[in-house]
Protein chains: 2
Amino acid sequence: MRQAPRLYVDAPLAAGGEVALSPEQAHYLRHVLRQSQGDSLHLFNGRDGEWLARAGGGGRAASARVASQLRPQAGEGDLWLAAAPLKRTPYDLVAQKATELGVARLIPVMTERTQSTRVKTDRLRAITIEAAEQCERLTVPKVTDPFTLARLIADWPRDRALLMGDETGGGRPLAEVAATLEGRAIGILIGPEGGFAPAELDALAAEAFVTRIDLGPRIMKAETAALAALAVVQAIAGDWRAEAPRPT
Amino acid sequence: MRQAPRLYVDAPLAAGGEVALSPEQAHYLRHVLRQSQGDSLHLFNGRDGEWLARAGGGGRAASARVASQLRPQAGEGDLWLAAAPLKRTPYDLVAQKATELGVARLIPVMTERTQSTRVKTDRLRAITIEAAEQCERLTVPKVTDPFTLARLIADWPRDRALLMGDETGGGRPLAEVAATLEGRAIGILIGPEGGFAPAELDALAAEAFVTRIDLGPRIMKAETAALAALAVVQAIAGDWRAEAPRPT
């Protein structure tokens, strides 16, 4: 039997409630999955846990009737990724994979050498929603509006460690750094292809919350560096650990 | 100034030697990079280190004159990835990113639930060569012909740890497992979308060289799981460590 489809909605979820679906969701259920009225689906909204629901009738104005809660809302970690925009395909990949890797917040950061100046945050949000639906998360990462690097530094919470991918050779091995950060709020900062400019490196090095990290002997593409760093941090200091709380 | 292009060749490399370039390489140098005779390029072949060379003349039968060695050949680790084929785009991504993450051998593994039965190893080899050129490796990963899972198990070197991504919940956290493997030969096995079949899980569990690993609480796509596992193993037990030998 095919698993019930899993959809993100914005509306509150509670037993007996009626939830409107978007035209895209209605189309997906009816014409891609060939669902009929009464078929099962799972809904989550980032706040109320995950619910079993039944497809309602209706044409384009489709809805679902909420039945019973499948999972209560649970904490899902608080890892942030600040990443300079890349070309469309690799940055889409960052948004999708960062969602699978449990990022809570994706912050596009404009740096001196950032080539892609237009960031389509709506597109990135749609990608994170689809990835969250597929990877069983109960939340969708927040995609913020773009920050300049100066603004990111100025606004960064001083108690949140910022691990900065440093291609100039000055960083500490990531596994070593991550091992000191269990229980800390963490963010990762990955620059554009071409790296940070010298003045940017100086500005980052001046901040006590910044730790420069080394990501091994090869020159990785920026999207690879972002995803690799996220995986290592989750494995060593995040929710891949045995002792990390697991959703039920 | 633009960095010299970096090309993989098959021929031996030694000072004063003349190396034939492929028509594709000649086209790339002349028409994409607009190089002229005498311009610098870097060559490596996986055996003789990296060399400075000068573009030669000639039409389609272009060549380069080898000048001086830039880096001696050095060990580059021996991490293997055995991964069930996926659709074209995600498996191309696995080949490219596995190269950036330092994999020495990529083994396509056919399993019961593998959907993609045709593996274009030539295509995968071309992707690994291009990724190796770009990430400053001195070697190109070996892409083997496809193995069945039964054959992989039968032929697997008994002294090489095989870390198997286990979505059924029976695995140990990867960071814990990796911390016990410094200095060991390691391979990672990632199944297809849909996971391993029960009989496959049993066959794997019966082998002493297999350790089932847990990759966190989210359901990752197979390509994400492969790349995340590679990053964690390199960071904890591979060449991202401070004490790992670095090429000069």
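Below, chains carry the letters A, B, ... as their sequence lines are ordered, and counting in each starts from 1.
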Would you indicate whether the side-chain heavy atoms of [Y] and [X] approach each other to under 4.5 Å?
X: A:L215; Y: B:Q234; result: no
X: A:W240; Y: B:D214; result: no
X: B:M220; Y: A:E100; result: yes

Between chain B and each of A:T99, A:L227, A:I236, count heavy-atom pairs under 4.5 Å; write down the option with the most.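 Highest number of heavy-atom pairs under 4.5 Å: A:I236.
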Are more than 12 heavy atoms from other residues, nucleotides or ligands located less than 6.0 Å from atom [atom1] of [X]?
X: B:E182; atom1: CD; result: yes
X: B:E136; atom1: CD; result: yes
X: A:R88; atom1: CZ; result: no
X: B:Y28; atom1: OH; result: no

Please evaluate residues B:K97 and A:K221 with respect to the criterion side chain to side chain contact (heavy atoms under 4.5 Å, CB included), reporting the C-alpha separation (whole Å), side-chain torsions for both, the decisive distance (0.1 Å), and the verdict. CA-CA 9 Å; B:K97 302 308 183 202; A:K221 288 177 183 284; 3.6 Å; yes
In terms of heavy-atom proximity below 4.5 Å to chain A, should B:L101 be classed as side chain, backbone, both, or neither?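 When you check distances to chain A, atoms from both the backbone and side chain of B:L101 fall under 4.5 Å.
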Can you tell me which portion of B:Q134 sits under 4.5 Å from chain A's heavy atoms? Options are side chain, backbone, both or neither.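 Both the backbone and the side chain of B:Q134 come within 4.5 Å of chain A.
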Passes side chain to side chain contact (heavy atoms under 4.5 Å, CB included), A:R218 versus B:D239? Steps please. CA-CA 10 Å; A:R218 286 163 297 279; B:D239 67 9; 2.7 Å; yes
Quick one: closest heavy-atom pair of A:A175 and B:A235, and the distance?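 So the minimum-distance heavy-atom pair works out to CB-O, 3.3 Å.
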Please report the C-alpha distance between A:L93 and B:L93 in whole Å, then the side-chain angles of each, then the deciding distance to 0.1 Å, and finally whether the side chain to side chain contact (heavy atoms under 4.5 Å, CB included) criterion is met. CA-CA 10 Å; A:L93 190 82; B:L93 191 82; 3.8 Å; yes
